[in-house]
Amino acid sequence: DHEVAKLVGAPPGYLGHRETHPLLTQAKLAAITSERSSLSIVLFDEVEKAAPTLQKLLLGVLDKAALRLGDNNVVNFERTLIFLTSNLGAQGMMKALSPGFGFCGNQASPPETSRLESIALAAVRKTFSPEFVNRIDASITYQPLSTESLAEILAQHLDELQQHIELRLGSRGFRLVVSDKCRKFLLSEGSCTTYGARELKRTVHRQLTQPLANMVVLGRVKPGGCVRADYDEKSNSLRLRAA
């Protein structure tokens, strides 16, 4: 609860009032705007883990688009978009996506989007007060990541790995070539409905980044060379070969 006071600052009379600078000020909202848009974006990530006092603080912001700070100054939120992310209903949605009981439970067709939205909204209404939920303009339920989305995320991780190699090694850098079979193996190992795309990132680190680091330390990769990552069907693992 005391951490929420950092958003608005300590009111006059409290110890350290002049030394406490609020986080949500009009100057900071104006500082995060761009030349092409005057809108500010404020994000509260995983808001269900916040103290209940944050909900009371946001009630006035979401209703009147104004926030009174501890020094009695008022912050205008009329040109601000507020996003609240949450994992509420995730477990219920996972059970709906992969039911494990009944006949042919794992072969059931995926539920409709409306059903997933109802599960998420039910969890939101159970956690937050009705007056707080009523002040939210739109509730968006994210769908599980598809295979195409995971493939794009994997491509981004591989590009970042190549940039990391060039940045850290400089003139001793090399080029990394990942075959299609290797990408499919990484997707199969890193696809997890429970942990999402973070498991894919850990798989890339475990299967590619660490073995590449060992090859560099042992001097198996020549500067300006190439390392090809292929999938070995016999050992069901990746094989890195320097050229």
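Keep in mind that what you see is a predicted model, and the values were worked out from it rather than measured. Only heavy atoms go into these numbers, but all of them, side chains included; no hydrogens, no water, no symmetry mates.
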So CG of L187 and SG of C182: to nearest 0.5 Å the spacing works out to 9.5 Å
Non-hydrogen atoms of N76 and Q26 that approach each other most closely: N-OE1, 2.6 Å
For residues Y231 and S179, report the shortest heavy-atom separation together with the two atoms involved. N-OG, 4.3 Å
CA sep, side-chain torsions, deciding dist, call: T141, M93, side chain to side chain contact (heavy atoms under 4.5 Å, CB included): CA-CA 10 Å; T141 302; M93 295 170 65; 3.6 Å; yes
Partner residues of F77 under the ring-ring contact (aromatic ring centres under 6.0 Å, His included) criterion, sequence neighbours left out: none
I'd like to know whether CZ of R220 has more than 12 heavy-atom contacts from other residues, nucleotides or ligands below 6.0 angstrom. no
Honestly curious: do F132 and F83 fall in one hydrophobic cluster under the side-chain, below-4.5 Å linking rule? no
So, the side chain of S40 versus the backbone of L81: is there a donor-acceptor pair under 3.5 Å, distance only? no
Can V4 be reached from V42 by stepping across I, L, V, M, F, W or Y side chains whose heavy atoms are under 4.5 Å apart? yes
Rounded to the nearest 0.5 Å, what's the gap from CD1 on I119 to CD on Q91? Could you check? 12.0 Å
Roughly how far apart are S188 OG and L186 CG, rounded to 0.5 Å? 7.5 Å
How far apart are the closest heavy atoms of K28 and P22, and which atoms are they? NZ-O, 3.8 Å
I136 side chain near V124 side chain, heavy-atom distance below 4.5 Å: no
Could you work out the complete set of other residues in the hydrophobic cluster of L167, with links drawn between I, L, V, M, F, W and Y side chains under 4.5 Å apart? none
Side chain to side chain contact (heavy atoms under 4.5 Å, CB included) evaluation trace for S139 with L121: CA-CA 8 Å; S139 299; L121 291 178; 3.6 Å; yes
Is any side-chain heavy atom of K184 closer than 4.5 Å to a side-chain heavy atom of K181? no
Measuring from atom NE2 of H157 to atom CD of E160, what distance do you get when rounded to the nearest 0.5 angstrom? 6.5 Å
Can you check side chain to side chain contact (heavy atoms under 4.5 Å, CB included) on L208 and L158, steps first, answer last? CA-CA 9 Å; L208 283 180; L158 296 178; 3.6 Å; yes
Quick one: are R135 and L59 in side-chain contact, heavy atoms under 4.5 Å? yes
Return the minimal non-hydrogen interatomic distance between S237 and F185, and the atom names on each side. CA-CZ, 4.2 Å
E46 side chain to N87 main-chain N or O, any donor-acceptor pair under 3.5 Å? no
Pairing donors with acceptors under 3.5 angstrom, does anything connect the side chains of S34 and S37? no
Does one hydrophobic cluster hold both V133 and V61, with members joined at side-chain heavy-atom distances below 4.5 Å? yes
Could you measure the distance from the OG atom of S118 to the CZ atom of R125? Nearest 0.5 Å is fine. 9.5 Å
Do L29 and L54 share a hydrophobic cluster (ILVMFWY, side-chain heavy atoms under 4.5 Å, transitive)? yes
Determine, using the 4.5 Å side-chain heavy-atom cutoff (strictly less than), whether L7 and V74 are members of one ILVMFWY cluster. no
Could you walk me through whether L58 and F44 pass the side chain to side chain contact (heavy atoms under 4.5 Å, CB included) check? CA-CA 11 Å; L58 289 177; F44 293 91; 3.9 Å; yes
Testing Q162, H164, Q163 one by one against E166 for a side chain to side chain donor-acceptor pair (under 3.5 Å), which residue passes? Q162
What is the minimum heavy-atom distance between L169 and F174, and which atoms define it? CD1-CE2, 3.6 Å
If you round to the nearest 0.5 Å, how far is CD1 of I41 from CG of L43? 9.0 Å
Heavy-atom count check: over 12 atoms from other residues, nucleotides or ligands less than 6.0 Å from R175 CZ? no
Give a yes or no on whether N236 atom CG has more than 12 heavy-atom contacts from other residues, nucleotides or ligands under 6.0 Å away. yes
Between D45 and T85, do the side chains contain a donor N or O and an acceptor N or O under 3.5 Å apart? yes
Indicate the atoms forming the closest heavy-atom contact of M215 with A242, along with that distance. CE-CB, 4.0 Å
